[in-house]
Protein chains: 2
Amino acid sequence: MTSLDDVAKAAGVSAATVSRALSGRGNVSTSTRAKILKVAAELDYVASSAASSLASGRMRNLGVIMPELHRWFFNTVLTGISDEATSAGYDVTLYNVTGDPEVRREIFSAFLRRRRVDAVVVVALELSEWEELELKRLGIPVVIIGGTSGTLPGVAIDDLAITELAAAHLLDLGHEVLGFIGGAERFDADYKVPSQRREGFDQALRRRGLQTDPALIGEADFTIPGGFHAARQLLGMPGTGMTGLVAASDEMAIGAVLAARELGIRVPEDLSVVGIDGHELGGLFELTTVDQHAQSQGSTAAKLILATVESGGTHPENMDLSFDLLVRRSTAKAPGALPV
Amino acid sequence: MTSLDDVAKAAGVSAATVSRALSGRGNVSTSTRAKILKVAAELDYVASSAASSLASGRMRNLGVIMPELHRWFFNTVLTGISDEATSAGYDVTLYNVTGDPEVRREIFSAFLRRRRVDAVVVVALELSEWEELELKRLGIPVVIIGGTSGTLPGVAIDDLAITELAAAHLLDLGHEVLGFIGGAERFDADYKVPSQRREGFDQALRRRGLQTDPALIGEADFTIPGGFHAARQLLGMPGTGMTGLVAASDEMAIGAVLAARELGIRVPEDLSVVGIDGHELGGLFELTTVDQHAQSQGSTAAKLILATVESGGTHPENMDLSFDLLVRRSTAKAPGALPV
DNA sequence: CCCCATACTGGAAGCGCTTGCACTCAGGAC
DNA sequence: GTCCTGAGTGCAAGCGCTTCCAGTATGGGG
């Protein structure tokens with residue numbers, strides 16, 4: 001293993017100068033730097049991260065805490081974070097907080113405290129008070145994506161507004177009896193997005209002087225099968241007059257489309273379905289959705305927090321992210337509605 | 001930040017003894033250890049990973065190299081690895097090798113060489129000769145999941161056999177004209193699984209004295225939309241007599257089921273479809289599949305390589321993983337076939 | 001011509017652990 | 001009672017970098 005000293009000797013300078021030349025901190029003459037760079041390349045030198053970290057306190061490592069990896073939102077955000085971190089020269093250490101509370105506790109009380117990361121991004125995790133405290137105690141920048149925290153900075157879409165937009169799209173098309181499939185408390189207990197989205201739906205109706213019909217609210221776990229079962233139940237009820245359905249995630253919306261097909265209900269002729277996410281499968285199902293640009297949420301958060309780290313800051317700004325209605329073919333004018 | 005010395009002072013022993021007590025290496029009397037543990041807990045001491053790594057050469061960190069995170073196989077394997085690593089007290093550092101060759105090169109030539117990880121698991125990546133060399137040069141254990149390497153140890157299913165099993169299931173049901181949807185060279189160029197699976201399909205037919213009909217081979221990229229389009233084309237051809245379809249992944253199989261539905265082809269009455277994977281969505285589509293236990297591939301590989309690390313070994317054993325036929329309702333006896 | 005920034009560079013002191021070595025002290029074998 | 005063994009402990013030397021500080025040129029200003 002070639003070390004800093006090897007490079008220093010080979011280049012005929014001191015270790016200090018090599019360090020300065022390679023890290024770019026401090027002054028080194030152009031010619032000396034050039035020679036050091038050349039020698040380092042020849043010797044194929046790569047600095048030991050442990051030594052460098054110990055001496056400098058900088059880890060060049062970004063921690064990411066996630067509750068799961070299967071659902072589209074999570075792995076998409078992670079991809080965004082990873083790409084951004086890599087291009088900034090940072091490693092990413094993944095802490096997959098499973099359902100096991102022991103493990104979860106352990107991650108906050110031990111893993112994170114080894115000071116292996118310069119910053120951490122928390123994805124869609126509702127943190128307990130104790131967990132927020134632990135995070136703050138780390139003394140490093142933290143940013144939350146798609147979750148909420150009273151005291152930690154976050155990068156997020158406005159879940160209420162995004163759902164209101166989805167519902168408003170249906171209302172604009174003349175639909176008056178809308179159903180909704182969202183989360184239930186029994187799923188995702190530590191994740192507030194579901195209730196926000198539900199609230200957005202209600203608000204959209206309220207704004208038009210309509211009222212939410214509790215019978216048309218389905219509950220599911222944000223997955224395709226979940227949406228399928230919830231939709232089948234909703235669509236199976238006779239005489240509801242429902243012509244539009246808002247799903248709080250694209251996966252549930254896709255499940256709903258599948259359920260409609262199974263029941264012989266045509267989309268969009270008989271039922272308009274709109275989702276939220278911008279899931280990559282949306283295209284296949286011609287799903288109208290509100291794209292929340294998940295990958296860019298990841299890269300934005302990473303960029304933000306890495307900038308904070310590099311600038312020696314500790315508290316990045318909060319940031320509201322954009323979303324766009326993406327109209328495809330799963331939504332259409334309500335039957336009998338007046339032309340828009 | 002409380003340090004080892006703080007604990008040592010508070011416990012009235014030397015730093016060396018604290019280190020031994022906390023790490024479990026070397027002899028410490030039961031009473032001394034108990035006191036140290038108590039003091040450490042009180043002071044809320046957590047060792048600095050950088051210092052510990054620098055001094056010991058151990059990182060307690062497992063590197064994972066993956067080409068993507070979206071597809072089910074990858075995030076499922078990653079979940080398995082992460083769970084296992086966490087419970088062994090290891091962090092996992094994720095290297096998401098994107099399509100960009102620059103980035104890929106950088107990961108092998110710089111990121112991995114910082115010696116931040118004790119071992120690395122490579123997931124479904126066909127490595128170039130140079131990359132294998134770089135990996136070996138790291139001097140740490142490496143294991144490959146779902147890829148192939150002449151010289152690096154791997155944990156994998158037999159892709160040929162798993163596909164043969166899927167096809168044999170259809171043949172056993174009396175189907176004689178089978179289609180296949182697999183990978184194409186233009187997708188996944190650096191990933192040999194597709195060709196292995198194709199070969200397994202051919203072999204199953206050959207064993208029964210049948211021949212692969214090139215017209216019934218569809219090409220796709222292992223995703224649902226890919227499978228959908230390939231199947232639509234296959235199923236749209238008139239007069240093929242095809243009654244069974246093998247897809248090289250569950251996602252493609254699901255796409256095929258959707259395509260069949262769209263074309264008014266009933267599954268399984270008119271067409272039996274079998275996939276490979278054990279994808280979580282399989283249940284919703286009643287998909288018969290061969291489960292390759294992806295999550296346990298991840299945990300098995302992690303367990304294997306961490307054991308190798310802890311034992312000071314360098315080269316874990318190769319390991320062949322099991323798979324099971326999981327019969328659901330997407331496959332049935334061929335129309336007019338004799339009772340089995 | 002002298003003085004003093006300014007630009008470079010090297011020396012050396014850590015960063016916070018781990019571990020080889022030396023030492024003490026018992027207890028068991030003779 | 002003597003010798004040996006091994007458990008238990010502390011000392012101190014690193015691990016391979018970073019960075020503060022001091023020292024040496026160099027060049028411009030006065």
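For clarity, every value in this text was computed on a predicted model and none was experimentally measured.
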Would you sort out whether B/Thr79 and B/Ser82 count as a side chain to side chain donor-acceptor pair (under 3.5 Å), showing the intermediate values? CA-CA 5 Å; B/Thr79 300; B/Ser82 170; over 6 Å; no
Worked verdict on B/Thr32 versus B/Ser29 for side chain to side chain donor-acceptor pair (under 3.5 Å): CA-CA 5 Å; B/Thr32 311; B/Ser29 74; 2.6 Å; yes
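Comparing B/Ala51 and A/Arg20 along DNA chain C, the residue whose closest nucleotide (by nearest heavy atom) sits nearer the 5' end is A/Arg20. Residues B/Gly12 and A/Thr2 both approach DNA chain D. Their nearest nucleotides, taken by heavy-atom distance, put B/Gly12 toward the 5′ side.
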Restricting both atoms to N or O, compile the protein contacts to nucleotides 4-6 of chain D shorter than 3.5 Å, with distance only.
none

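An OP1 or OP2 oxygen of D/dC20 is reached within less than 4.0 angstrom by no side-chain nitrogen or oxygen of A/Arg25.
Within a 6.0 Å sphere centred on CD of A/Glu317, heavy atoms belonging to other residues, nucleotides or ligands number 12 at most.
Every residue meeting the salt bridge (Lys or Arg N to Asp or Glu O under 4.0 Å) condition with A/Glu42, not counting sequence neighbours, appears here in chain and number order: A/Lys38. Remark: A/Thr151 pairs with A/Glu132, A/Lys136 by the side-chain hydrogen bond (donor to acceptor under 3.5 Å, both in side chains) rule, at least two apart or across chains. The salt bridge (Lys or Arg N to Asp or Glu O under 4.0 Å) check on B/Glu106 picks up nothing, with sequence neighbours excluded. For B/Asn75, the side chain to side chain contact (heavy atoms under 4.5 Å, CB included) partners at least two apart in sequence or on another chain are A/Leu69, A/His70, A/Asn75. Applying the salt bridge (Lys or Arg N to Asp or Glu O under 4.0 Å) criterion to B/Lys9, with sequence neighbours excluded, gives no partner residue. For the salt bridge (Lys or Arg N to Asp or Glu O under 4.0 Å) test, no residue two or more places apart in sequence or in another chain qualifies with B/Arg20.
Within 4.0 Å of A/Arg58, counting heavy atoms only, lie sugar-phosphate atoms of the nucleic acid but no base atom. Backbone-only engagement by A/Thr32 is indicated by non-hydrogen atom pairs under 4.0 Å involving sugar-phosphate atoms exclusively. Base engagement by A/Ser19 is indicated by at least one non-hydrogen atom pair under 4.0 Å involving a base atom. At the heavy-atom level, B/Ser23 lies nowhere under 4.0 Å from the strands shown.
Going from atom CD1 of B/Ile144 over to atom CG of B/Leu125 covers 8.0 Å, rounded to the nearest 0.5 Å.
Annotation: the terminal axes of the helix from C/dC1-D/dG30 to C/dC30-D/dG1 meet at 40°, where each axis is the rotation carrying the C1' atoms of four end pairs onto the next four (5 pairs per end, rounded to 10°).
First and last contacts of DNA chain C with chain A, using any nucleotide atom under 4.0 Å from a protein heavy atom and ordered 5' to 3', fall at C/dC8 to C/dG16.
At a non-hydrogen distance threshold of 4.0 Å, A/Tyr45, A/Ser48 from residues 36-50 of chain A come into contact with DNA chain D.
Within the structure, every pair that satisfies the salt bridge (charged side-chain N to carboxylate O under 4.0 Å, His left out) test and touches residues 111-120 of chain B, not counting sequence neighbours, is listed here: A/Asp44-B/Arg113, A/Asp91-B/Arg114, A/Asp91-B/Arg116. Applying the side-chain hydrogen bond (donor to acceptor under 3.5 Å, both in side chains) rule to pairs touching residues 45-66 of chain B yields B/Asn61-B/Thr93, sequence neighbours excluded.
For B/Glu134 against B/Phe108, the heavy-atom pair with the smallest separation is OE1-O, 3.7 Å.
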